[in-house]
Undergrad: 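Input: one structure, supplied below.
Predicted model, so just to flag it, every value in this text is computed and none were measured. Both ligands and their constituent atoms are indexed starting at 1 by order of listing.
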Amino acid sequence: MTEIPKDHPRYESLLAREKVVAGVKMGFTSIQGLIAQGRGESFDYLIGERSTESALYAERAAVAALLLAKNPVISVNGNVAALAPEKVVSLADITGAKIEVNLFHRTETRVHLIIEQLKANGASEVLGKNPDASLELSHARRMVESKGIYTADVVLVPLEDGDRCEKLVEMGKTVITIDLNPLSRTSRTATISIVDNLTRALDNMVRLAGGMKQERKEELVKLITTYDNKKVLSEAISEIQEHLKAIAAEMEY
Ligand code: ATP
Ligand code: MG
């Protein structure tokens with residue numbers, strides 16, 4: 001991996017880029033994953049490379065949903081495995097969620113390598129190798145495990161494609177997405193859309209979960225029943241507008 005100097009003003013972003021490149025070189029991230037990362041970076045610039053208020057609100061609701069779930073599952077793809085395997089394992093541990101590998105560009109080698117990567121980062125069990133159930137989709141993302149995504153009541157699907165997100169919602173599941181693009185089909189169809197960078201979102205969620213685990217169940221239920229995803233998406237877009245307006249104003253002086 002190319003060494004990025006720690007004092008570089010965009011250290012976090014460049015480090016993430018190197019991690020996705022390393023994932024491709026090691027064979028578990030697809031080459032298309034590079035394009036997805038680039039698209040994410042550009043939205044992060046517009047957002048201001050920070051967790052906005054609406055993102056933190058969605059992250060709180062997402063943690064509440066995971067903590068209250070009977071069978072929560074975190075779905076992992078090649079980009080997620082490259083960027084934040086240790087954070088996925090921490091979030092799964094603290095919320096009691098299962099982890100399942102699910103890939104659009106699926107090969108058995110890639111599934112195996114991602115499972116190994118998660119295990120090297122502390123995961124005890126990772127599903128996805130033996131899909132025995134099928135979602136009504138025409139691509140490889142249909143292949144799921146019956147004790148995992150297929151029967152999950154709450155699924156966290158970071159960097160999801162719109163198709164499967166829609167299908168999971170149709171099946172009656174609570175679908176949480178992490179996607180920097182508030183306009184993507186994924187963001188627009190999810191139950192809880194977190195418009196934030198994967199690494200920031202997972203850090204926030206692990207931190208929030210630590211405190212929220214001690215909260216009364218009724219408090220968590222209230223968070224979910226009062227949660228309004230349309231408002232969150234609208235605010236995410238407004239926060240981008242405000243951020244750009246502030247920069248434009250600065251440039252005038
Ligand atoms: P859709 O099918 O939902 O309309 P898409 O086809 O553009 O969206 P994909 O390529 O399937 O989306 O998924 C990648 C999505 O993840 C993009 O919207 C991109 O902005 C986002 N993304 C990429 N990297 C990150 C990251 N590190 N953190 C958060 N989001 C990211
Ligand atoms: Mg897509």
Side-chain angles (χ1 to χ4, degrees), residues 1 4 10-24 28-52 54-59 62 74-88 91 101-106 110 114 117 135 137-142 149 155-170 173 175-206 229-230 232-233 236-237 239-240 243:
M1 220 158 78
I4 310 289
R10 300 196 57 261
Y11 173 77
E12 294 295 337
S13 175
L14 295 181
L15 181 68
R17 189 181 298 176
E18 287 305 319
K19 285 183 179 174
V20 180
V21 170
V24 173
F28 59 80
T29 305
S30 68
I31 199 128
Q32 291 85 347
L34 297 173
I35 299 172
Q37 175 66 14
R39 194 156 59 250
E41 283 178 12
S42 53
F43 276 99
D44 213 5
Y45 242 105
L46 301 178
I47 289 169
E49 297 182 316
R50 71 206 154 110
S51 296
T52 61
S54 67
L56 282 160
Y57 170 57
E59 283 155 8
I74 304 175
S75 176
V76 172
N77 68 9
N79 280 48
V80 176
L83 284 166
E86 75 292 359
K87 298 180 206 288
V88 167
L91 186 63
V101 176
N102 182 272
L103 305 177
F104 188 86
H105 304 282
R106 183 185 173 104
R110 191 165 275 151
I114 294 175
Q117 172 79 343
L135 307 176
L137 289 170
S138 52
H139 49 75
R141 280 203 131 169
R142 71 179 182 280
I149 290 171
V155 201
L156 170 61
V157 282
L159 322 192
E160 178 63 359
D161 72 283
D163 266 20
R164 189 176 65 138
C165 179
E166 208 171 342
K167 190 53 66 186
L168 295 170
V169 170
E170 260 174 44
K173 301 178 193 300
V175 181
I176 306 162
T177 55
I178 302 174
D179 186 337
L180 279 158
N181 179 2
L183 307 172
S184 74
R185 280 177 52 232
T186 299
S187 292
R188 290 209 243 182
T189 45
T191 324
I192 300 176
S193 309
I194 298 171
V195 180
D196 201 355
N197 194 301
L198 175 80
T199 51
R200 291 196 304 267
L202 291 177
D203 277 341
N204 291 340
M205 288 168 82
V206 169
N229 203 51
K230 284 213 172 76
V232 163
L233 283 178
I237 295 166
E239 281 159 339
I240 292 176
H243 178 65

Undergrad: Check ligand 1 against D161 and write out every atom of the ligand that is under 4.0 Å from a heavy-atom position of the residue.
TA: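 Here the atoms of ligand 1 in question are 11 (O).
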Undergrad: I'd like to know if R141 pairs up with D161 as an ion pair, taking the criterion as any Lys NZ or Arg NE/NH1/NH2 lying under 4.0 Å from an Asp or Glu carboxylate oxygen.
TA: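 Salt bridge present between R141 and D161.
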Undergrad: For the residue pair N204 and S51, confirm or rule out a side-chain donor-acceptor distance under 3.5 Å.
TA: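 A donor-acceptor contact under 3.5 Å links the two side chains.
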Undergrad: Counting from 1, what ligand 1 atoms have a heavy atom of N197 closer than 4.0 Å?
TA: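 In order of numbering, the contacting atoms are 27 (N), 28 (N), 29 (C).
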Undergrad: Quick check: G162 and ligand 1, any N/O pair under 3.5 Å apart?
TA: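 It does: an N or O of G162 is found under 3.5 Å from an N or O of ligand 1.
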Undergrad: With a 4.5 Å limit on heavy-atom distance, are the side chains of L34 and V21 in contact?
TA: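 Yes, close enough: below the 4.5 Å cut-off.
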Undergrad: Regarding ligand 1, does F43 bring an N or O atom to under 3.5 Å of one of the ligand's N or O atoms?
TA: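 No.
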Undergrad: Taking only heavy atoms of Q37 into account, list the atoms of ligand 1 that are under 4.0 Å away from them.
TA: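 Ligand 1 atoms under the 4.0 Å threshold to Q37: 24 (N), 27 (N).
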Undergrad: From the options R39, R17, Q32, select the one whose nearest heavy atom is closest to atom 10 (O) of ligand 1.
TA: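 Shortest heavy-atom distance from atom 10 (O) of ligand 1: R39.
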Undergrad: For E160, is the nearest heavy atom under 4.0 Å from an atom of ligand 1?
TA: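 The answer is yes: ligand 1 sits under 4.0 Å from a heavy atom of E160.
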Undergrad: Please round to the nearest 0.5 Å and tell me the distance separating atom NZ of K87 and atom CG of L198.
TA: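 Taking NZ in K87 and CG in L198, the distance rounds to 8.5 Å.
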Undergrad: Within a distance under 4.0 Å of any heavy atom of S184, pick out the atoms of ligand 1 and give their elements.
TA: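 It comes down to these atoms of ligand 1: 3 (O), 4 (O), 8 (O).
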Undergrad: Do the side-chain N and O atoms of E239 and T52 include a donor-acceptor pair separated by under 3.5 angstrom?
TA: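 Yes, a side-chain donor-acceptor pair sits under 3.5 Å.
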Undergrad: Considering only NZ, NE, NH1 and NH2 on the basic side and carboxylate oxygens on the acidic side, decide whether R200 and E12 come within less than 4.0 Å.
TA: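 Not counted as a salt bridge, because no side-chain N and carboxylate O are separated by less than 4.0 Å.
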Undergrad: Less than 3.5 Å between some nitrogen or oxygen of L83 and one of ligand 1, yes or no?
TA: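 Between L83 and ligand 1, no N or O pair is found under 3.5 Å apart.
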Undergrad: Tell me which one of D163, L198, D179 gets a heavy atom nearest to atom 15 (C) of ligand 1.
TA: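 Closest candidate by heavy-atom distance is D179.
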Undergrad: Before giving the answer on side chain to side chain donor-acceptor pair (under 3.5 Å), spell out for R39 and S184 the whole-Å C-alpha distance, their side-chain angles and the decisive distance to 0.1 Å.
TA: CA-CA 11 Å; R39 194 156 59 250; S184 74; over 6 Å; no
Undergrad: Could you tell me whether D196 approaches ligand 1 through its side chain, its backbone, both or neither, with non-hydrogen atoms closer than 4.0 Å?
TA: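 Backbone only.
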Undergrad: Evaluate the side-chain contact (heavy atoms from CB on, under 4.5 Å) criterion for residues T186 and N181: first the C-alpha distance (whole Å), next the side-chain angles of each, then the deciding distance (0.1 Å), finally the verdict.
TA: CA-CA 9 Å; T186 299; N181 179 2; over 6 Å; no
Undergrad: For ligand 1, which atoms sit closer than 4.0 Å to a heavy atom of T186?
TA: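 Within the 4.0 Å cut-off of T186, ligand 1 contributes 1 (P), 3 (O).
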